[in-house]
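The structure appears right after this line, and notes come after that.
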Amino acid sequence: MRKILALTFILALISSIAYSEPVKHLQCYDIEEFTLLDKQDVAGGKGTLYGEFAFVRDNALEEDAIKEIGFMTLKKGDFIGTHKHADNEDAYLIISGKGIFTDGEGNSYVVKAGDMTIARPGQSHGLANLYDEDLVFLDIIAKNAGANLEAIIANPTPQYFPAEKLFDKNVEHAGGTGEGTLYGKFAFRREQATENQAIKEIGLMTLKPGDSIGLHKHVDNEDTYIILSGEGLFIDSEGEENIVGPQSVTIAVAGESHALKNTGTEDLIFIDLIAQNHALKK
């Protein structure tokens with residue numbers, strides 16, 4: 001009986017964490033603060049999708065562009081069924097392992113570490129692990145409340161970006177006052193984004209030891225850093241310093257500032273994703 005009561009309490013606690021009232025994002029999340037939320041047979045798929053979330057869409061504010069960020073795991077033989085996104089965008093960024101990604105045209109690709117995928121409104125996607133190693137990936141959901149969905153659907157964009165075809169763009173003194181070089185490999189950048197797209201930019205970034213992104217403010221978009229490896233120091237709008245490492249998630253929404261420095265002895269490698277919600281302009 002005690003075990004049943006304890007399990008009931010734990011499930012209720014997880015439910016209250018994951019599905020409470022909308023709240024404003026923190027600027028820095030450590031793995032110890034993540035919400036564990038596993039899902040079964042997702043989108044008509046099979047097996048368990050294991051999730052560790054910095055935040056979930058059920059808690060997102062209406063004006064938030066980035067609604068959800070989670071580190072996800074699929075075991076061998078499990079898969080997310082192919083499903084269509086109606087009014088949001090969903091990016092899968094592969095961290096480790098291999099899988100089969102299916103796009104909205106029914107094309108299938110073997111995806112591996114460093115590969116990036118996206119489903120815009122009107123596009124479908126699915127993901128399967130047919131291999132022995134766990135398939136670990138980032139799942140990021142964003143929404144642009146002011147988007148012309150018909151225009152997006154009428155002009156479909158690529159969904160699969162293999163690591164070997166990401167393009168390089170490096171920035172000196174990033175953030176205006178940063179030190180050294182911010183090395184970037186991008187699926188796409190904000191300069192080519194349309195007004196209707198929520199996710200404007202996805203890049204795999206590297207800061208060498210001692211290099212930094214200077215403190216800078218975001219005016220009408222949101223910028224998240226998701227640390228994959230290395231160690232650094234993140235500074236938020238209040239000037240508070242946070243030590244970040246693998247699986248740390250940081251975000252700066254419109255009106256907030258942030259900075260990042262590599263304080264370790266190895267490269268600091270992270271995902272940089274920028275999104276925009278027209279509701280922020282109202």
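For this chain, numbers begin at 1 and follow the sequence in order. Quantities reported herein were computed from a predicted structural model and do not represent experimental measurements. Heavy-atom basis, side chains included; hydrogens, waters and symmetry copies ignored.
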Donor-acceptor contact present, side-chain [X] to main-chain [Y], <3.5 Å:
{"X": "Lys98", "Y": "Ala113", "value": "no"}
{"X": "Lys75", "Y": "Gly47", "value": "no"}
{"X": "Glu52", "Y": "Leu36", "value": "no"}
{"X": "Asp139", "Y": "Gly70", "value": "no"}
{"X": "Asn129", "Y": "Gly99", "value": "no"}
{"X": "Glu266", "Y": "Pro209", "value": "no"}
{"X": "His173", "Y": "Gly214", "value": "no"}
{"X": "Asp103", "Y": "Gly106", "value": "yes"}
{"X": "Gln123", "Y": "Ile153", "value": "no"}
{"X": "Asn277", "Y": "Asn144", "value": "no"}

Cluster check [X], [Y]: I/L/V/M/F/W/Y, side chain < 4.5 angstrom:
{"X": "Ile80", "Y": "Ile141", "value": "no"}
{"X": "Ile140", "Y": "Val253", "value": "yes"}
{"X": "Ile69", "Y": "Leu37", "value": "no"}
{"X": "Ile202", "Y": "Met72", "value": "no"}
{"X": "Leu26", "Y": "Leu233", "value": "no"}

Exceeds 12 heavy-atom contacts within 6.0 angstrom, atom [atom1] of [X]:
{"X": "Ile31", "atom1": "CD1", "value": "yes"}
{"X": "Lys112", "atom1": "NZ", "value": "yes"}
{"X": "Gln192", "atom1": "CD", "value": "yes"}
{"X": "Glu238", "atom1": "CD", "value": "no"}

Is it true that [X] and [Y] have a side-chain N and a carboxylate O under 4.0 angstrom from each other?
{"X": "Lys76", "Y": "Asp132", "result": "yes"}
{"X": "Asp41", "Y": "Lys46", "result": "no"}
{"X": "Lys143", "Y": "Asp87", "result": "yes"}

Atom pair [atom1]/[atom2] of [X] and [Y] - distance to nearest 0.5 Å:
{"X": "Thr117", "Y": "Phe161", "atom1": "OG1", "atom2": "CZ", "answer": "9.0 Å"}
{"X": "Leu93", "Y": "Phe137", "atom1": "CG", "atom2": "CZ", "answer": "10.0 Å"}
{"X": "Met116", "Y": "Leu273", "atom1": "CE", "atom2": "CG", "answer": "9.0 Å"}
{"X": "Leu74", "Y": "Asp134", "atom1": "CG", "atom2": "CG", "answer": "9.0 Å"}
{"X": "Tyr183", "Y": "Lys169", "atom1": "OH", "atom2": "NZ", "answer": "14.5 Å"}
{"X": "Ile226", "Y": "Leu204", "atom1": "CD1", "atom2": "CG", "answer": "11.0 Å"}

Return the minimal non-hydrogen interatomic distance between [X] and [Y], and the atom names on each side.
{"X": "Ser124", "Y": "Thr82", "result": "CB-CG2, 4.0 Å"}
{"X": "Gly245", "Y": "Ile227", "result": "O-CB, 3.1 Å"}
{"X": "Leu215", "Y": "Thr177", "result": "N-OG1, 3.9 Å"}
{"X": "Thr250", "Y": "Val244", "result": "CG2-CG1, 4.2 Å"}
{"X": "Pro121", "Y": "Glu89", "result": "CD-CG, 3.5 Å"}
{"X": "Asp30", "Y": "Ile243", "result": "OD1-O, 4.0 Å"}

Side chain to side chain contact (heavy atoms under 4.5 Å, CB included) between Ile213 and Leu207, intermediate numbers included: CA-CA 8 Å; Ile213 302 171; Leu207 281 173; 4.2 Å; yes

Please verify the inter-ring angle class for [X] with [Y]; under 30° counts as parallel, over 60° as perpendicular, anything in between as tilted.
{"X": "Phe55", "Y": "His25", "value": "tilted"}
{"X": "His125", "Y": "His83", "value": "tilted"}
{"X": "His218", "Y": "His216", "value": "tilted"}

Under 3.5 Å side-chain donor-acceptor pair for Glu172 and Thr181: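 Checked: Glu172/Thr181 side chains pair up, N/O donor to acceptor below 3.5 Å.
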
Between Glu256 and Ser237: side-chain donor-acceptor atoms closer than 3.5 Å: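 Per modelled atom types, Glu256 and Ser237 side chains form no pair under 3.5 Å.
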
Criterion side chain to side chain contact (heavy atoms under 4.5 Å, CB included) on Gln247 and Tyr29, from CA distance to verdict: CA-CA 9 Å; Gln247 289 193 267; Tyr29 296 84; over 6 Å; no

Ile199 and its side-chain contact (heavy atoms from CB on, under 4.5 Å) partner, picked from Ile66, Ile118, Asn88: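 Among Ile66, Ile118, Asn88, the one meeting side-chain contact (heavy atoms from CB on, under 4.5 Å) with Ile199 is Ile118.
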
Option passing side-chain contact (heavy atoms from CB on, under 4.5 Å) with Ile271 (candidates Ile95, Val249, Leu138):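 Filter result, single survivor: Leu138.
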
For a 4.5 angstrom cut-off between non-hydrogen side-chain atoms, does [X] reach [Y]?
{"X": "Val111", "Y": "Tyr160", "answer": "yes"}
{"X": "Ile94", "Y": "Asp115", "answer": "yes"}
{"X": "Asp272", "Y": "Leu182", "answer": "no"}
{"X": "Leu49", "Y": "Asp78", "answer": "no"}

Derivation of the side chain to side chain donor-acceptor pair (under 3.5 Å) call for Gln40 and Thr48: CA-CA 5 Å; Gln40 300 296 320; Thr48 303; 2.9 Å; yes

Pairwise ring pair (Phe, Tyr, Trp, His ring centres under 6.0 Å) hits with a residue in residues 34-53, at least two apart: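 Sorted pair list comes back empty.
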
Stepwise side chain to side chain contact (heavy atoms under 4.5 Å, CB included) test for Leu260 and Leu268: CA-CA 10 Å; Leu260 183 65; Leu268 180 61; 3.9 Å; yes

Residue pair Lys261, Phe234: steps toward the side chain to side chain contact (heavy atoms under 4.5 Å, CB included) verdict: CA-CA 7 Å; Lys261 181 172 183 176; Phe234 173 78; over 6 Å; no

Lys/Arg cation over aromatic Phe188: Arg120, 6.0 Å, 45° cone: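 Yes, Arg120 lies over the aromatic ring of Phe188.
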
Those residues that, when tested against Arg190, pass side chain to side chain contact (heavy atoms under 4.5 Å, CB included) (two or more places apart):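 Applying side chain to side chain contact (heavy atoms under 4.5 Å, CB included) to Arg190 gives Lys200, Glu201, Ile274.
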
